[in-house]
*Asks:* 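Please find one structure pasted underneath; my questions will follow.
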Amino acid sequence: MKPYNYEDIERRWQKNWFDSKIYESKRNDKQKFFIHFAYPGVSGYLHVGHMRGFTYCDIIARYKRMQGYNVLFPAGFHASGIPSIGFAKKVERKDPITINSLREYGLSDEEIEKLKDPYEVVKYFGNVYVEDYWKRFGFLIDYSRSMSTISPGYKKFIQWQFYKLKEKNLLVQKQHYAPFCPNCGPVAVDKSETDISTGGNAEILEFTVIKFLMDDGTILPAATLRPETIFGVTNMWVNPDVVYVKIKIMGEIWICSREAARKLNYQYDDVEIIDEEIPGTHLIGKKCRIPIVDREVPILPGIFADPEVATGIVMSVPAHAPYDYIALVETGEPIKPITIIDIPELGEKPAAKVCDELNIHSQKETEKLDEATDIVYKKEFHTGVLNDLCMEYAGMKVSSAKEEIKDRLLSSNQALTMREFSEEVICRCGEKVVIKQIPDQWFIKYSDEKLTNESIKHVEKMNIYPIEYKEELPGVLEWFDDRACIRKGSWLGTEFPFKEGWIIEPISDSTLYPIYYIISKYVNEGKLLAMDMTEKFFDYIFLGKGTAKDALWGEIRGDVLYWYPVDINLGGKEHKTVHFPVFIMNHVAILPEEMRPNGIFVHWWVTQKGKEKISKSKGGVTHIAEAAKIYGVDAMRLYYSHVGSPFVDIEWDPSTVIIYKNRLANLYSLIYNILSIDGGENKHIDRWLKSMLNRRIKNIVEAFDEYNLRVAANEIFFEMQKDINWYIKRGGKNKTILQYYVESWLKMMTPITPHIAEELWHIRYESFISNAEFPTYDEKLFSMEDEIKEDLLQGLIEDIQEILKVTKITPKRICIYTTPKWKQTVTKKIFELEGKGKLDMSNLMREILTDEDMKKKAKEISKFAGKIINEMRKIQDKQRYTIDIDETIFLKEETSYLESLFNCDIEIYPADSKDIYDPKGKSSFASPFRPAIYIE
RNA sequence: GCAGGGGUAGCCAAGUCUGGUCAACGGCGACAGACUCAAGAUCUGUUCCUGUAGAGGUUCAGGAGUUCGAAUCUCCUCCCCUGCACCA
């Protein structure tokens, strides 16, 4: 036996597979299967967590290929968008973590220098992904079709997609608000903080700015997230320490903070400061009128009114807003809060009650006040109802009144909307990021009713794993709104064909791409140039419109018809609400029905202990190549497929991976041992093994067919090993059947652990097991009788062990009493009658008592039958009880096995024979499949 | 807020759709034994409670219900996690 040197084994077989190009897919007569994973963004080195989904994809692809499908499994890179630029920027500003990781990976300073260029970043990582990750894991990806989304050909493809969307009226222009830096232009607010230095978690909030009219006609604009509380306004708050400004906006005169004026200027046209100096103190004591309710309220000093937030002016609703309540208490003004929302839990004065509970006394206790605000808001929003003070809105739920009141204020020009970040966002240049209006932003109209409905209808026909996601999808599609599809700024991608200088954003350029894998092969071979990829070309090859310009067009059209649609698009759960919906909708929008996707497979994540994201600082192995070295690729593949179902998050746990590694090493030597066994046949146990093998194959094929990868892995790597161990333990040593078993077993291991399987296969064979046919089962080889016998024996052994455990006897002799004939007859009869649906006590007794001998035992029989009938309910596999086996003969044959097991004398007696040794009268307990036992 | 997923023995994690073979797959950890100079690996057994005869008792977040029978079905409550759009 050669030692199990997994690294050598992996490298050797990978080289052999790739040298003989078994991964390349070509059109032929066989049925096709097209699978791919959502291509990864290019954002740096990946870690072991990312390999989970890729591995699932390879397992499925390999299984399908062994089942005789012509499998297409391509892969590419999603290079568009921010990530590669972000990476290049980090290199440029010498971000120490980034530079360090590159050095650690073995890059020279010159090589690092080159990565200041985002295109170099894509090139470099593209290579790392293919060579160090995918090939290193033995994936039979069709590498001849590799592609990236920033290649010239891909861009032509995306432009074609947008021509088609336009044709179908699915591109629309409307107003939009986007993050913007006054110095740098458009910026992205995202968690990776590529463009910005703080505020990656910020959300855009929509404030309603309500216009309060002062005596002199000036407007005091108060911003709120709760317009429905307008009925409870008792006063206004301005900050006495702030100097406000007077502005002209859309023909009106407003007073607001300087910061607010700046922000409004980006969201509305014609904003102009006309008076620089309105100290807050000058406003205090004046009055203004509340719209709708038309009541006059005083302006009071409130130091919590932050000039940085919205307009810097706050309307006061002390009954329902903790900040307002506390401020009112602090000013000592004799103003009574006006309660306008009925909510039993919080009583008459909700804000006061919660402030009291949290023990808040000052406007400066912002943390507690925020908590109080949150509590009141949530309760009121969900369960609150507006009361009699709210005019025609009385009795309405807060959640619906809110929208109605807001719409009324907006449409009557008594308010407008102002967008604001939930937290401060600072650009990398140091400037504050604002929200800017884009009057004519292009959108993909995913809200389109026809498109939505057709997509929902298509989902019904799809194979979606897990099923829960299939049920969720219609709701997601319904909810999916128009999506801004282009932007300006630092961003890689395809030029938008209808507006110069704008780039298509990366969600929108990654929806239809699986079809591009069909042509990327010709691009890579140099047969197809970007300049030839005209609208006519795509129309012809994808839609069959027009005529083929040349033979190549015809060939590609043939490929498209053969390979498309996609059978499985596999991706992580992060894709559920964005990528998969647009993947479906773009196919539905553009391609004919027969080319729409057949299936989606969603997998969950690998997390660090305690549900954290994997990171090196937390002790996770980041580099995939490093992990491959420590654990071995097959061990990792087995770990991914077995440690949990694909539809739960799994925790990365190095010690568990080691267990799998040991398990494989063990399996490796076990198989060598099995193959060295050279013995003759033993009819019963040989038939048993054959029966079990066929049963396992059935289970495994069924599991794989439903992509139940964990079940398949469990059967192959655990149950089958248990079976073969039992066979050997029971004295099985039939060389022919062992050989056959191992060969079938190796084939079934191949999708999950291809390297070790290939290695062991080559002990006897020259061909690739990766190209072999997956085993099939033959139900005729199921042998119920032999299985029952082994079950009987196992049950007996367990019973003896339990008795030994409880009694702590060291056995000198064990007597086993098999079932008396009559009990077997009665049991069989019961199951027979049950099968015919005629089971009842009188029927049973009538039939049994036709036998004269039985009549003598009538009383005993009825008692026993009653017990069996009662127990029978629990038994599902009833068929096996109708099979007759002679327990005595069988167990007598196995006496020597039992003797070696318990190291004492074993005596087998039929319970109904006259001449037996039974000092404790145990034999009366014997029943079918449950021999009685006496130990001394 | 909107939407989705989940809570199973010391831990991880199957089972839930299709109720009965479920004291509940598998793995880890722990304990005992074998092997070994030793360690590791491997193998055997035990691991909810009780029990000197293969049994009984109490469990699957909590509560209520349906049923001959519920981890599985229904309703309510509590707790945890995830996604939400110009980030991929």
*Asks:* Remember a base hit wins even if backbone is also touched, and classify A:W491 as base, sugar-phosphate or nothing at under 4.0 Å, heavy atoms.
*Replies:*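 A:W491: backbone/sugar contact only, no base atoms under 4.0 Å.
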*Asks:* Please give me every residue in residues 801-811 of chain A whose heavy atoms get under 4.0 Å of an atom in RNA chain B, ordered by residue number.
*Replies:* A:E802, A:I803, A:K805, A:V806, A:T807
*Asks:* With rounding to the closest Å, how many angstrom separate the P atoms on B:rC75 and B:rG6?
*Replies:*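 About 15 Å, rounded to a whole number of Å.
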*Asks:* Considering residues at least two apart in sequence or located in another chain, which fulfil the ring-ring contact (aromatic ring centres under 6.0 Å, His included) criterion with A:Y446?
*Replies:*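 Applying ring-ring contact (aromatic ring centres under 6.0 Å, His included) to A:Y446 gives A:F480.
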*Asks:* Determine, answering yes or no, if A:W479 is stacked on B:rA85 under the 5.5 Å centre rule and the 30° plane rule.
*Replies:*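 Yes; centroid distance and tilt both under limits.
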*Asks:* Is it possible for you to check whether A:R813 lies under 6.0 Å from the centre of the six-membered ring of A:F902, through NZ or CZ, and within 45° of that ring's axis?
*Replies:*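 No; the conditions do not both hold, so A:R813 does not lie above the ring face of A:F902.
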*Asks:* Can you tell me if the side-chain N/O atoms of A:S645 get under 4.0 Å from OP1 or OP2 in B:rA14?
*Replies:*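 A:S645 to B:rA14 OP1/OP2: side-chain N or O found under 4.0 Å.
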*Asks:* With heavy atoms under 4.0 Å as the rule, sort A:A484 into base, sugar-phosphate or nothing.
*Replies:*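 Base, at least one base atom sits under 4.0 Å.
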*Asks:* Quick one: label A:T656 by what it contacts on the DNA or RNA (base, sugar-phosphate, nothing), any heavy atom closer than 4.0 Å.
*Replies:* nothing
*Asks:* Within the pair A:R663 and B:rC43, is there a side-chain N or O less than 4.0 Å away from OP1 or OP2?
*Replies:*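 Checking A:R663 against B:rC43: no side-chain N or O falls below 4.0 Å of OP1 or OP2.
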*Asks:* For RNA chain B, what residues of residues 713-726 of chain A have any heavy atom nearer than 4.0 Å?
*Replies:* A:N714, A:F718, A:E719, A:K722
*Asks:* Who passes ring-ring contact (aromatic ring centres under 6.0 Å, His included) against A:F87, sequence neighbours left out?
*Replies:*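 For A:F87, the residues satisfying ring-ring contact (aromatic ring centres under 6.0 Å, His included) (neighbours in sequence not counted) are A:F125.
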*Asks:* List in chain and number order the residues that pass ring-ring contact (aromatic ring centres under 6.0 Å, His included) with A:H603, two or more places apart in sequence or in another chain; answer none if no residue qualifies.
*Replies:* none
*Asks:* By ring-ring contact (aromatic ring centres under 6.0 Å, His included), which residues pair with A:H575, not counting sequence neighbours?
*Replies:*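 A:H575 satisfies ring-ring contact (aromatic ring centres under 6.0 Å, His included) with A:H579, A:F580 once adjacent residues are dropped.
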